[in-house]
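In what follows, a single structure is set out as structure tokens and then discussed.
Remember, it's 1-based here, ligands and their atoms both numbered in the order they're listed.
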Amino acid sequence: MSRIAYVNGRYVPHRTASVHVEDRGYQFADGVYEVCEVRAGRLIDERRHIDRLERSLKELRIAMPMRRNALGVVLRETVSRNRVRDGIVYLQITRGVARRDHAFPPAGTLPNTVITAKNHDLAKLEQGAGDGIAVISVPDNRWERVDIKSVSLLPNVLAKQAAREAGAKEAWFVDAKGFVTEGASTNAWIVTRDGAVVTKPADAGILRGITRTVVLEVIAEHGLTLEERPFTMDEAYAAREAFITSATQFVTPVVQIDGRPVGNGAPGLIASALRRDYHDHAEIA
Ligand code: PLP
């Protein structure tokens, strides 16, 4: 079955789907994106993802290209035309096409909207989580507005590649003060020897992950101790457990950091329980 992409009001074959070379996303990374999980054909946490999309667009002063309801219809149609059962739907909105000039293009320039969807290999993801993953640490050399889900991801690309080359799945950014901020495409968490779950507050320096928000609810429901505060790499090395969260990886245990085993080197009980219960708390539309 051939894949279909939505591009500015049209459903077109994925292999020929394109935007103009002067799209500002291509020229300046002047755009935002969202990734929403699809599970059993349904969108997971659509409301929160669209809320975050609206916020990202507002911060960059890009107009929402269509109303929320219409966007919901297009997301579903793209999922359905690609026969996605378990996978993701990807949405990207840029400031549009204009003659290259750093400053904003003339008023009336229309944003470009692209939506794609694909299945992922749920069995492979489950196996990865069952084994646990390795992460490495890298300096956080990103700009300050990482709270905006912008397509400007070059430091994340380089960090992820460094992880791959080190035989790891994810890279954790460490800021100038020695605190872990987040992963290249995930939020970062540890569980201390005392059993407290620790993650950096989302007020600055990280993307407020939708999965993170839902996992905070699961933690509260389980009556676990939560410490929303920055943590250092030394704390991470000494942690009982560690894990990452994202819409594509849900809750995935981390079993190795910079080559050192986390806890006893196997996925932790808390991370595994949060993974098991996460979807019970997510909104399914
Ligand atoms: N942090 C970064 C830098 C990300 O790119 C992502 C997801 O792409 C996340 C965190 C996790 O966010 P979410 O749970 O909304 O997928």
Side-chain angles (χ1 to χ4, degrees), residues 29 31-39 43-57 59 75 86-93 116-118 120 125 129 133 135-163 169-175 179-190 197-219 228 230-231 242-254 271 274-275 277-279 281-285:
V32 303
Y33 74 108
E34 273 299 326
V35 179
C36 190
E37 187 202 352
V38 180
R39 199 170 187 83
L43 266 57
I44 302 296
D45 277 317
E46 176 190 3
R47 179 185 62 85
R48 290 185 176 105
H49 282 281
I50 305 294
D51 284 351
R52 188 172 64 186
L53 173 74
E54 284 187 329
R55 178 182 181 278
S56 297
L57 288 170
E59 292 296 318
L75 289 171
D86 298 308
I88 57 157
V89 58
Y90 175 90
L91 157 71
Q92 177 168 318
I93 299 169
T116 58
K118 65 177 181 190
H120 52 210
L125 280 176
I133 63 154
V135 307
I136 60 163
S137 58
V138 296
D140 196 339
N141 54 3
R142 300 174 301 161
W143 73 326
E144 275 177 16
R145 296 308 310 276
V146 293
D147 57 301
I148 301 170
K149 201 164 168 65
S150 101
V151 294
S152 171
L153 290 171
L154 200 44
N156 311 57
V157 167
L158 297 178
K160 194 72 100 176
Q161 181 61 20
K169 273 265 156 48
E170 180 59 303
W172 278 5
F173 287 121
V174 181
D175 70 15
F179 292 113
V180 175
T181 52
E182 63 182 331
S185 63
T186 58
N187 287 117
W189 308 68
I190 58 168
V197 185
V198 187
T199 198
K200 184 176 159 49
D203 48 5
I206 67 167
L207 181 75
R208 189 185 291 273
I210 305 300
T211 320
R212 177 187 181 280
T213 301
V214 175
V215 165
L216 289 175
E217 278 179 24
V218 189
I219 287 168
E228 243 184 309
F231 62 88
F243 59 94
I244 56 169
T245 55
S246 77
T248 47
Q249 298 186 83
F250 329 132
V251 178
T252 295
V254 172
L274 294 174
R275 181 180 178 89
D277 296 343
Y278 158 68
H279 283 102
H281 291 257
E283 283 177 12
I284 305 178

Task: Check: V146 and L207 side chains under 4.5 Å, non-hydrogen atoms - done: no
Open item on the list: Any non-hydrogen side-chain atom of F243 less than 4.5 Å from a side-chain atom of V197?
Closed with: yes
Task: Check: E170 side chain, A163 main-chain N or O, donor-acceptor pair, under 3.5 Å - done: no
Task: N187 side chain to R212 backbone, donor-acceptor under 3.5 Å - done: no
TODO: Flag yes if more than 12 heavy atoms outside R208 fall under 6.0 Å of its CZ atom; otherwise flag no.
DONE: no
Open item on the list: Looking at K169, I want to see if its NZ is surrounded by more than 12 non-hydrogen atoms of other residues, nucleotides or ligands under 6.0 Å.
Closed with: no
Nearest-neighbour protein heavy atom for [atom], which is reported as residue plus atom name and distance:
{"atom": "atom 13 (P) of ligand 1", "result": "I210 N, 3.6 Å"}
{"atom": "atom 14 (O) of ligand 1", "result": "T211 OG1, 2.6 Å"}
{"atom": "atom 12 (O) of ligand 1", "result": "G209 CA, 3.4 Å"}
{"atom": "atom 6 (C) of ligand 1", "result": "S185 O, 3.3 Å"}
{"atom": "atom 8 (O) of ligand 1", "result": "K149 NZ, 2.8 Å"}

Number the atoms of ligand 1 from 1 as they appear, then name those within less than 4.0 Å of a heavy atom of [X], with their elements.
{"X": "N187", "value": "10 (C), 11 (C)"}
{"X": "A247", "value": "13 (P), 14 (O), 16 (O)"}
{"X": "G183", "value": "3 (C)"}
{"X": "S246", "value": "11 (C), 14 (O), 16 (O)"}
{"X": "E182", "value": "1 (N), 2 (C), 3 (C), 10 (C)"}

TODO: Kindly compute the distance separating CG (L216) from OG1 (T245), expressed to the nearest 0.5 Å.
DONE: 8.5 Å
- [ ] Identify which of T213, T186, V214 has a heavy atom lying nearest to atom 10 (C) of ligand 1.
- [x] T186
Open item on the list: With a cutoff of 4.0 Å, is Y33 in contact with ligand 1, counting heavy atoms of the residue only?
Closed with: yes
Task: Heavy atom of R52, distance to ligand 1 below 4.0 Å - done: yes
Task: Option passing side-chain contact (heavy atoms from CB on, under 4.5 Å) with R52 (candidates I210, L57, T213) - done: I210
TODO: State whether D51 and R55 are salt-bridged, where the test is any N-O pair (Lys NZ or Arg NE/NH1/NH2 against Asp/Glu carboxylate O) under 4.0 Å.
DONE: no
